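Note sheet for the following structure.
What you are looking at is a predicted structure, and each value in this text was computed from that prediction instead of being measured.
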Amino acid sequence: MKVPENPLSFYASALSGGFAIISSCKLMSSISVLTKIFSYFGKQSLYIFACHWPFIQPLRLVLGDSPMSSLCIMIISITLSILIGNVLKRAIPFIFR
């Protein structure tokens, strides 16, 4: 990764990007529906990260590689990952304490 020639522009863009992310998070936290959705996915994120990859490749072979199929693959893999995580949590609860 190459650092730009002008370090001032590098730091200015990094700080403004960080400020934009923090501002958008503060704005979204005031919307209760988004807060509930992000809280749910945050609680389920371990299951999503652990289980999503085995679903992506077969779904990509079936659905193709277009932007719309990528969106469908994302939704299907997240849903299946959460379902499998919840089934595992009920089947072997001593691991998830």
Is there a donor-acceptor contact under 3.5 Å linking the side chains of Ser16 and Ser13?
no

Using the rule that two of Ile, Leu, Val, Met, Phe, Trp, Tyr join whenever any of their side-chain heavy atoms come within less than 4.5 Å, decide whether Phe38 and Val33 are in one cluster.
no

Working to the nearest 0.5 angstrom, can you tell me the gap between Arg60 CZ and Ser77 OG?
10.0 Å

Exam field: side chain Ser45 to backbone Gly42, donor-acceptor pair closer than 3.5 Å
yes

Spatial distance of atom OG (Ser23) from atom CE (Met28) [nearest 0.5 Å]
11.0 Å

Going by side-chain contact (heavy atoms from CB on, under 4.5 Å), Ile73 matches just one of Leu59, Asp65, Val62. Which one?
Leu59

How long is the straight-line distance from OH of Tyr40 back to CD1 of Ile82, given to the nearest 0.5 Å?
4.5 Å

Does Ile75 reach the side chain of Thr79, with side-chain heavy atoms less than 4.5 Å apart?
yes

Working to the nearest 0.5 angstrom, can you tell me the gap between Ile76 CD1 and Ile78 CD1?
11.0 Å

Is any side-chain heavy atom of Ile84 less than 4.5 Å from a side-chain heavy atom of Tyr47?
no

Can you hop from Met68 to Ile56 via hydrophobic side chains spaced under 4.5 Å?
no

Heavy-atom closest pair, residues Cys51 and Ser81
C-OG, 3.4 Å

Give, for atom CG of Leu63 and atom CG of Leu71, the distance between the pair rounded to the nearest 0.5 Å.
11.0 Å

Which value, rounded to the nearest 0.5 Å, describes the distance between Lys89 atom NZ and Leu46 atom CG?
10.0 Å

Which is it for Asn86 and Gln44 under the side chain to side chain contact (heavy atoms under 4.5 Å, CB included) test, yes or no, and what are the steps along the way?
CA-CA 9 Å; Asn86 288 330; Gln44 304 295 326; 3.6 Å; yes

